[in-house]
Structures are given as C-alpha cells and as structure tokens.
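So you know, we letter chains A, B, ... as the sequences are listed, proteins then strands, and number each from 1. Model, not experiment: these values are computed from the prediction. Side-chain atoms are counted along with the backbone in the values below, which use heavy atoms only and exclude waters and symmetry mates.
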Amino acid sequence: MKLLLENAHIEGIRYYEAYRKHGGYRSVEKALKMTPDEIVEEVKKSGLRGRGGAGFPTGMKWSFLAKPEGVPRHLVCNADESEPGTFKDRYLMEFLPHLLIEGLIVSSFALGSNATYIYIRGEYAWIPDILEQAIAEAKNNGWLGKNIQNSGFDCEIYVQRGGGAYICGEETALIESLEGKRGNPRIKPPFPAIAGLWMRPTVVNNVETLAAVVPIINMGGEEYGKLGVGRSTGTKLMSACGNLNKPGVYEIPFDLTVEEFIFSDEYCGGIPNGKRLKACIPGGSSVPILPTNLLLKDSKGEARQMNYESLSEGGFATGTMLGSGGFIVLDEDQCVVRHTMSLARFYNHESCGQCSPCREGTGWMYKILKNIEYGKGRKEDIDLLWDIQRRIEGNTICPLGDAAAWPVAAAIRHFRDEFEWHIDHAEEAQTRNFGLAHYADPLPVVTA
Amino acid sequence: MADNIKVTIDNITIDVAPGTTILEAARQIGGEVAPPTMCYYSKLKGSGGKCRTCLVEVSKGSEKDPRPMPKLVASCRTGVMDGMEVKSMTSDKVIDARKGVTEFLLLNHPLDCPVCDQAGECHLQDLSYENGSADTRFEFERRTFEPEDIGPNIQLHMNRCIMCFRCVFTADQLTNTREHGILDRGDHARISTCISKALDNEFIGNVIDVCPVGALTDKTFRFKNRVWFTKPVDAHRDCPTCSGKARLWMRGEEVFRVTARKDEWGEVEEWICNTCRFETKDAKDWVVEGPTKVNRHSVISQGHYAGKVGTAKQPVLIDKVIGKQPKLTFDIHSESEVNKPNIHLSQIEGPAHSDDFNTPG
C-alpha cells in the first residue's frame, strides 16, 4: 500500500493543478478545522517515527515543544539529506513538492509556526527552484501567506540552501547554519524544542516525516497506526542502491522481508549478473553493515523484516538499524575493506572539527584502513581500529562520532577474516577481493 | 542555605547552588576530583564541551529520576540535579575515555616541548602526564599547517593547536573586533585571520593566557627563557585601560614576561591590556606585591617557590576515593639534582648550568 508515492506516476503532479485534482491539500482543509492540539494528538496516535534516521516518535517530539507566551516558534524541515546511500527525500521533493508543502502547512499549524524553513542540501542545486515554484503556486491559491483559507492562521515557507556539509544534517548544526553561523553542532541541553532557531522553540523534522503527516491527517492517526508492524507504523521510503537490478526509491510496508525487498521483481529485482549477495547496509552509511546470513535471518532464525524492530534485533552484535532508509547492497565481488575505507574517508572529511575524538579519530581510522587496503597493514591494526572506534563512540558532541564508529566496528565484527586476509595477502589483495562465496549464501528463491 | 542542592562526586557530597555545572561543583570540592579541562573556561561564555577531557559518568541522574545517564557527559556543560551521583576518577569508564581523549589530542601534536615557550605551564603536558601513555600508536605523518604571521606581539603555532576555541571566545567577548576565527573543517580546521591580518586590539594579548597549549605565545618572550627559571611575582601598576594587576616573570631584576594573574585552575583572574603585557617590561614601572603562590600547575612549583600541590583537602580525598591513590606531581628533588631548593635561580649569573647545582652549598 502506497501512501506517499501513490500519485507519483501521474503526469504533471509536480504542479498545483494536477496535485489538487488528485486530492491534494485535503489534509490542510481538514486540519484547519481541528485545533493544533488535536493534530498533535492524531500524530501521536499514528505512532509515526522520525524518518531521518534516529526513529524518534514524532508526536512525542512535537509535544516537547515549549510554548512560552509571546515567543515565536519555528518548524524547520531538514532536507539536508547527505547520508551516503540515501536519496529518498530528493525523490519526494523533486516529484511531489506539493506533498511536502502540504505536510509543512499542516505541521506548522499544529506547532504554531508562522515562519517555516526548508533547509536544503547545497548539492541539490535544482530542487530549491522546484520547491519555490510549488510554494508560489500554493501561495497564489491561498494555502500560504496571510489568513490561510480564512482560518486566521498565517504561514510562510522559506527555502534555504546549505553549503554542502554533511554535518548540517544534524539538527543543531542545521540551526546554526540557518542562523548564518558556522555549522557546528550545539552542545545539548538545551534542546531545540526549548531553544532552537534564534533561541526560540523549534522542531526539526525530516522531509519524509513531514510528508507522512498528510496521510495521517487524511486517514486519521488511528487508521495510520494500524498499518505496519509493532511500533513501526505506516510506510517507509527506501532508497536502494548498489549491486541491484532495479535500484531506486521504493515505498514499502513494514512487514516486507528483507529477502523479498532485494530479490522480488516488484522491488529491487535481485542482484545483477547472477552474482550472490555478500553484505548490505540497510539504513544509510552510518548503520552497521550485515553479512547475508544475518541480514536475511535474525539471530532467532526468523526472516528479517524491513522495520525498526526487526532490523535492530539482537543489538549491534547481530543486528543493525533501519536508519534513514539508504539501502546499500554489496555483491560477492565487493571488498568490505575498501568499502569501509571509503566510508571512513567520508566521515573524516565531514567531521566538523569541534570535538577531539571525532576530529582526530576519524582521520586516524581512515589512515589505518588505507594502509590495510593498500597492503601495508599489520595484524595489530585491526585491534587498534577497534580500540579507536570504541573511544570515539558515545564520547562526542553529536552523533557523527557514532556514525563514524559504527561502520568500522561492524565491518571488523562481521568481516574480521577479510581484514586479516588483506593483511596476510598484501599483494593479492591489490588485484582481487577476498570473500567471494564465503559470506554469500546460495541464491535464494523467492516465492512472490 | 535552603535552596542548595546536594550532589555527590566520587563519594564526596557537596551543597551547591542550583544551575551549577558538575565541573564547577567538582572544583568546589577541589583536588583531583575536578576533571581536567582543556577547552572550558569559566570566564568565557559558551566555552566548553569540545575537548571531551572532562567527561564524567553520571551513575544516578537525580533524586526524582535515579536512572543513570546512558553516555558519559561533558561535566563542564551538564548542570547538577538534586541527589545526582557522579563518578569522575572512581569510574574506569571515565579513566579510559580520558586516556582516549588524551591520545586523540596528542595524535597530531608536534611534541616540540623542548623548544616550546609554553612548556612548564602547558595544560596538555599536565593532561598527558596524568592520563597519557608513554608512547604513541600513531604511525603516520603528523598534520602540519603553513605558518601564519598574526602580528608583532603574538606568535601562532597552528601545529600545536588543540582547537579549544578559547581564543575565539576571548576575542569575541573581550573585544569588539574579532579578527581571527576557525577556518576549514574537521582535522584541517585551523585558527586563522584568513587574510593574514595582524591581530590588533588593546586586549588581544589575553588570547596568549587563555591558550592551554603553546599555539599562541608571546613574541616579546619568545625563546628568551624557560618559565621554570623565572620567578613569578604579583605586581600592579596604574594603568588607564585595565586593572593593572599582573604577574611578572622575573629573573634577578629583569622582567622577562608579563601575564595576567591566574587562579588555581589556570584561569585568568583579571584581563590585562597589551600595554601592560608587551610594553611595560621595566621592573621600575611596577609595584611588586610579593612572590606568587603557585599551587597547582607543573614544574614551576618544583623550584623553591612554595609547593602547594598537596592541599589540606588531600588526606580526606585519599580516604574517600576507594582504592585509587590520587597521583601527585612527583617531587623533582628525589628524581634530579637540578633545581635544588637552596639554590636561588635568580642569583645565578647567566643561564643555569648543572655545575651551578652540583657545587655544594
């Protein structure tokens, strides 16, 4: 069942007329007749969890928002989607800009934000134009501006481009950047819900989270909450990439198994060239990598499903996270050491340099991984890497330190023999990869 | 006081005012309980939280919510709650994290202490002495930066910088014209003026005092002397711009260096102006109040200047800190023949030599 991408295939859905014709802005009409607290209540009932990566319940986040008298509040849409492997928000903004605008209007009304900001990643150079056009269309039709649909509620949406820093996807760094400062994460507390943008109460939500508010209002929070499994409600956009026949953005129900998602023709269509599945990162580059045997079945031997709980079953020892939904698949030819090095380089480059463990540790990990990959590694290096990641994780200001540590930790945890092989066979490692059939399971047969 | 709240740090309970940070509470207890700080500066608003050396474990959140905090927290930026229980040096997790942070800070540090003017009063030296390991596991070329000239009075050694942001806060909060800031990101972030401007401001000399390492040093003192050979005295003068309360670092009658007075945590008590710091180097200009009591930091206190390392609170501490003997800075006289307490450095003509110490008397 599709909730967000239901109309994505309709021609001209990017523009107001087609969008309105297919039921657009119904949720705003409905929401303006409710009270803001009722909307927050609906979102709470829906069980919607933040789609940006951490999976924090959105309704709860909204209810934390401080409401002091006479102080403006702000809603900020985090469109700084820079996680390697994640591109769901781009798809949403590019093809369904009005869905996001609609979600923003409803959420702004619920939170009492008269000035709402979309902070968009600098590399998405062409999307601000699409959004601004959508905003202008909405404004011309009375959905934005002063006194929206005679409800007495004013709302403006502003689009702000980022400068292209990954760290600005962290909510407090985003706020700093939006204020025109250097994009360094703030030290919490105070949390943005108390003192965020310009020290005013602020809610920062992901694009997909805000878009999901539209179906929640349309169908009611309770109905929405019935979809999905356990505490994972609704649907999720997955951006699948890597060695897949059909990479792309898919909207999935939460009871879908990982196996079906990778191999069925409805979704990713299996691994190309008859190769086998070696490993997968299911939620964007920051979450732990899993080898095939742990990916398809969890530690209890049950088929793993694409939802928050099932993917994180067993903690980091045997599980991973749903994260932001950047599904990266590695086939048998891919080298985990090289892959980990590449990620370490990314985090080294993107560390803001504010706190010492992340600033120094990420570069150190990258240099060691580079040595291993290029045949200069030693056995002790693996333990050293483990020690470094252990001392970064949890000791930094923002989650970037954790995000840099987890991929390295998981690669060593699950693929230690591949690292050792790289070190022992330095010359051979330059020309071919280890692993091959070792981690890959026989080709699964999907009955669907 | 009725409104005060109780907080227990390393089994020592203390009453503090609400809104105090864990670090400030620990400093009120004093001694080794206080976590080391490299970036926090109580006089600079917004500082702290960056170096992560002051991480502590909160084993009990508060009386109302006794759950422990899941991660180690930066004590300089975490407020205390009533009934909070904190473990600083009694927690193995904290000791380990501190070791890790020390290692990270030293990773790209040039370790050029023998030629560094900060040696002897360097907070990074103290930190590595307490928490560092004897050798490094880092086998790569260290990060280096192009030298940059930031004016006639202040020398910038970017290679030594640990990115504490203190000098940026100082320039921001003490003066109206901040000319330097952080450029670039991540491990190549650096302090710079971007367009090679000279730092020019009446109070900008204070960035030298706030710098925990030798990244910002005094050009008028550069390579002139080692700090432990100079004798610190408190002095004052009538200054039209600042309080005029300063500390002179003298050898004989000669004033080698003027700095602001620092308290036991290495923090400036009163800011002084550039004229006092750089231009008033004649002992006649100053009214000397008496020798400085050096009571916490480094090798300076190992000369004949009153050694106040083990304060009265120390014995209490040893009883309470279970199984962990607080480490005192070692007594240099049992280790080395130099700096004999009966030989006054100021009476030696010219540079000190080992012969000066080996001659009896």
Heavy-atom distance under 4.5 Å between the side chains of Lys71(B) and Asn395(A), does that happen here? no
Does the side chain of Ile182(B) reach to within under 4.5 Å of the side chain of Arg182(A), using non-hydrogen atoms? yes
Would a 4.5 Å heavy-atom cut-off, applied to side chains only, mark Phe138(B) and Lys367(A) as touching? yes
Salt-bridge criterion met for Arg391(A) and Glu103(B) (N-O under 4.0 Å): yes
Looking at Met163(B), Arg77(B), Arg137(B), which has the largest count of heavy-atom pairs under 4.5 Å with chain A? Arg137(B)
Run the salt-bridge test on Arg378(A) and Glu139(B) with the 4.0 Å N-O cut-off and return the result as yes or no. yes
Can you name the nearest heavy-atom pair linking Arg52(B) to Thr396(A), along with the distance? NH2-O, 3.3 Å
Flag the one option from Leu55(B), Thr78(B), Val73(B), Val101(B) with the top tally of heavy-atom pairs under 4.5 Å to chain A. Leu55(B)
Are side-chain heavy atoms of Thr362(A) and Asp187(B) found at a separation under 4.5 Å? no
Crowding at CZ, Arg231(A) (>12 non-hydrogen neighbours, <6.0 Å): no
What option among Gly361(A), Cys358(A), Cys352(A) has the most heavy-atom pairs under 4.5 Å with chain B? Cys352(A)
Given Gly394(A), Pro357(A), Gly353(A), Cys355(A), the one with more heavy-atom pairs under 4.5 angstrom with chain B than any other is Pro357(A)
